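Per chain, numbering begins at 1; letters A, B, ... match sequence-line order. Keep in mind that what you see is a predicted model, and the values were worked out from it rather than measured.
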Amino acid sequence: MSKTVRTRFAPSPTGFMHVGNLRTALYEYLVAKSMGGQFILRIEDTDQERKVDGAVDIIYSTMKRAGLIHDEGPDIGGDYGPYVQSERKEMYLPYAKQLIEQGQAYYCFCTKERLDMLRENADDPGAGYDRHCRDLPQEEVQQKLRDGVPYVIRQKMPLTGTTTFEDAVYGTISVDNSELQDQILIKADGYPTYNFANVIDDHTMNITHVVRGSEYLSSTPKYNLLYEAFGWDIPTYIHLPLIMGKNDDGSVSKLAKRHGATSFEDLMKGGFLPAAIINYIALLGWAPKDNREMFTLPELVENFSIDGISKSPAIFDYDKLEWFNGEYIKAMTVEEFAAVCEPYFRQALGDLPLDHIKLASILQQRTTKLTDIPEKIAFFAEQPEYDVSLFVNKKSKTTLENVPSLLQAGIEALEALTEWNHDSIHDCLMNLAVTLGVKNGTAMWPVRIAASGMTVTPGGAVEILDILGREESLTRLKKGLAKFS
RNA sequence: GGCCCGGUGGUCAAGCGGCUAAGACACCGCCCUUUCACGGCGGUAACACGGGUUCGAUUCCCGUCCGGGUCACCA
């Protein structure tokens, strides 16, 4: 009988959720759920200097909006708590001391200043710590400890040999032990470093699959040496290809601010739907067995498999995200869409009593980003100044000469309407074209221009007139006609 | 710079020794159409390079080149 799969998302509270982190969280969730396992949330706040107030709430809200529901975590508890590292602080030191006793770690009394000097004077950028305290005489160590000299605890790396491990996506990876730094396990402030806390927590929380970005690939041997020192089982590693951004000069690098919105919050503010973001991100570094692209979260769980994860870095493509967003918008009911449009309607129209469902319906097929909405419908609230030249359109066969009479006829026909709704306006204008013996477009074009003051509008003349209402429509048409006198 | 990883169209990507090398986004053209979209149809465009292994390499091996990652009392 195999162990229950357990994965964990372990963000540090920095104040925003980078899409790279979100994607890691998503895959962690998918790995666990696709195998009937559990997904745990753990907050890694061992860096007391970088703590940000309210950052943990952002993590909760992001996870919730993305639908990544954890089975255990600080907010809901679980059998392996606490789930915040700062609350586990006391757990780590004993483990570090155990390592010292086993001869696999040591006290280091070097000051930060000395380390800085070391770094400055090194001509090799990868020189690192010189292991000055690695073999300090026992008495000296005890004396310094008694004197209260500040210390850190470092891991004693083997100087020779190689460490090899299996990664579920990258395969076998070996690193020479001589490459490994004697990394710090416990910092001077008593907190564990991320690397150390990670190993201790993952083990004590029974994490079976460690999913993280490939930037950890080359430091994984350090983790494994720790697992081995304690005699613990090494988890299954699943390293993910990095998400990159394209720079202006065409080069690529880890996705960062300069590439555009990089956090879940920014993306949402940018007019993207959570479901579209998740769907897009899922496909950045993973591909299903078939050609499918549209996936809800449950569908991802159903189709996910580790062997579909790719090895090469992927560039974040805002165009493709926009396409997904448009697809998700089109898949909504008008009512649902109108609901998500609400803040944007308010922004453009204030309290104007226009029919929001009708507005949503003309917008739905042509919206990819919600943030594009206000400028598209601004003319409903206030018509922009426009030039008569807008009335001229070759394809519609409208000219400065025929527009006045076209408009005049339109106004008369519309004024005669007893009912003002989509169908009546539609029939009226269509009949007008027949009566005048012109193409539909010829009759429609001047009306739409006069009603909107724009050449490009969401919806056609009929929809615009309907939404605008009789009075405002006629006012605008007459104003348009007046431009010719 | 050392080490680690990667390299199929502009982007995401199928492919896992034998294919006219899928598909999607973007781009271009045509159609539909009261504008713009949507939708439909079609098109341009790729196996980094050089050696091997093999009857046969995009697929396996080596080298080169290119790209990325990593070398913190940050996570």
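- Residue-level contact check: Ser452(A) touches neither bases nor backbone, having no heavy atom under 4.0 Å from any strand.
- Residue contacts for Lys289(A): at a heavy-atom cut-off of 4.0 Å it reaches no nucleic acid atom on any strand shown.
- Using modelled atom types, one finds no donor on one side chain facing an acceptor on the other under 3.5 Å when comparing Arg212(A) with Asn21(A).
- Across all strands, Asp319(A) comes closer than 4.0 Å only to sugar-phosphate atoms, never to a base (heavy-atom distances).
- Side-chain atoms of Thr163(A) and Asn224(A) include no donor-acceptor pair closer than 3.5 Å.
- Side chains of Ser389(A) and Asp387(A): a donor on one and an acceptor on the other come within 3.5 Å.
- Look at the P atom in both U44(B) and A21(B): the space between them is 14 Å, to the nearest Å.
- Stacking of Arg154(A) on the aromatic ring of Tyr107(A) is not recorded, the 6.0 Å distance cut-off and the 45° axial limit not both being met.
- Thr14(A) comes within 4.0 angstrom of nothing in the nucleic acid, heavy atoms only.
- Out of C4(B), C12(B), G6(B), the shortest distance to the side chain of Leu284(A) is found at C12(B).
- Between G68(B) and C62(B), the two C1' atoms lie 22 Å apart (nearest whole Å).
- As the counterpart of C65(B), G7(B) is assigned, both hydrogen-bonding distances of the Watson-Crick or G-U wobble pattern falling under 3.5 Å.
- For Lys483(A) and Tyr386(A), the positive end sits near the middle of the six-membered ring, less than 6.0 Å away and at most 45° from its axis.
- With contacts defined as side-chain heavy-atom distances shorter than 4.5 Å, the pair Leu145(A)/Val141(A) qualifies.
- With distances taken from any side-chain atom of Trp323(A) to the nucleotides A26(B), A75(B), G6(B), the minimum falls on A26(B).
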What nitrogen or oxygen pairs link the protein and nucleotides 68-74 of chain B at under 3.5 Å?
| residue | atom | partner | partner atom | Å |
| --- | --- | --- | --- | --- |
| G68(B) | OP1 | Val252(A) | O | 3.0 |
| U70(B) | OP1 | Lys254(A) | NZ | 3.3 |
| C71(B) | O2' | Gln181(A) | NE2 | 3.2 |
| C73(B) | O2' | Lys112(A) | NZ | 3.4 |
| C73(B) | O2 | Ala188(A) | N | 2.9 |
| C73(B) | N4 | Cys110(A) | O | 3.1 |
| C74(B) | OP2 | Lys187(A) | NZ | 2.9 |
| C74(B) | O2' | Asp47(A) | OD2 | 3.1 |
| C74(B) | O2' | Arg50(A) | NH2 | 3.1 |

Protein-nucleic acid N or O pairs under 3.5 Å, nucleotides 32-35 of chain B:
| residue | atom | partner | partner atom | Å |
| --- | --- | --- | --- | --- |
| U34(B) | O2 | Ala461(A) | N | 3.2 |
| U35(B) | O4' | Arg448(A) | NH2 | 3.0 |
| U35(B) | O2' | Thr455(A) | O | 3.1 |
| U35(B) | O2 | Arg448(A) | NH1 | 3.2 |
| U35(B) | O2 | Thr457(A) | N | 2.9 |
| U35(B) | O2 | Thr457(A) | O | 3.2 |
| U35(B) | N3 | Thr457(A) | O | 3.0 |
| U35(B) | N3 | Gly459(A) | O | 3.1 |
| U35(B) | O4 | Gly459(A) | O | 2.7 |
| U35(B) | O4 | Gly460(A) | N | 3.1 |

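- Rounded to the nearest Å, the gap between the C1' atom of U53(B) and that of C61(B) is 7 Å.
- For A24(B), its base sits under 3.5 Å from the side chain of Lys320(A) at one donor and acceptor pair at least.
- Between the side chains of Glu293(A) and Asn279(A), no donor-acceptor pair is found at a separation under 3.5 Å.
- A side-chain donor from one of Ser305(A) and Asp307(A) sits under 3.5 Å from a side-chain acceptor of the other.
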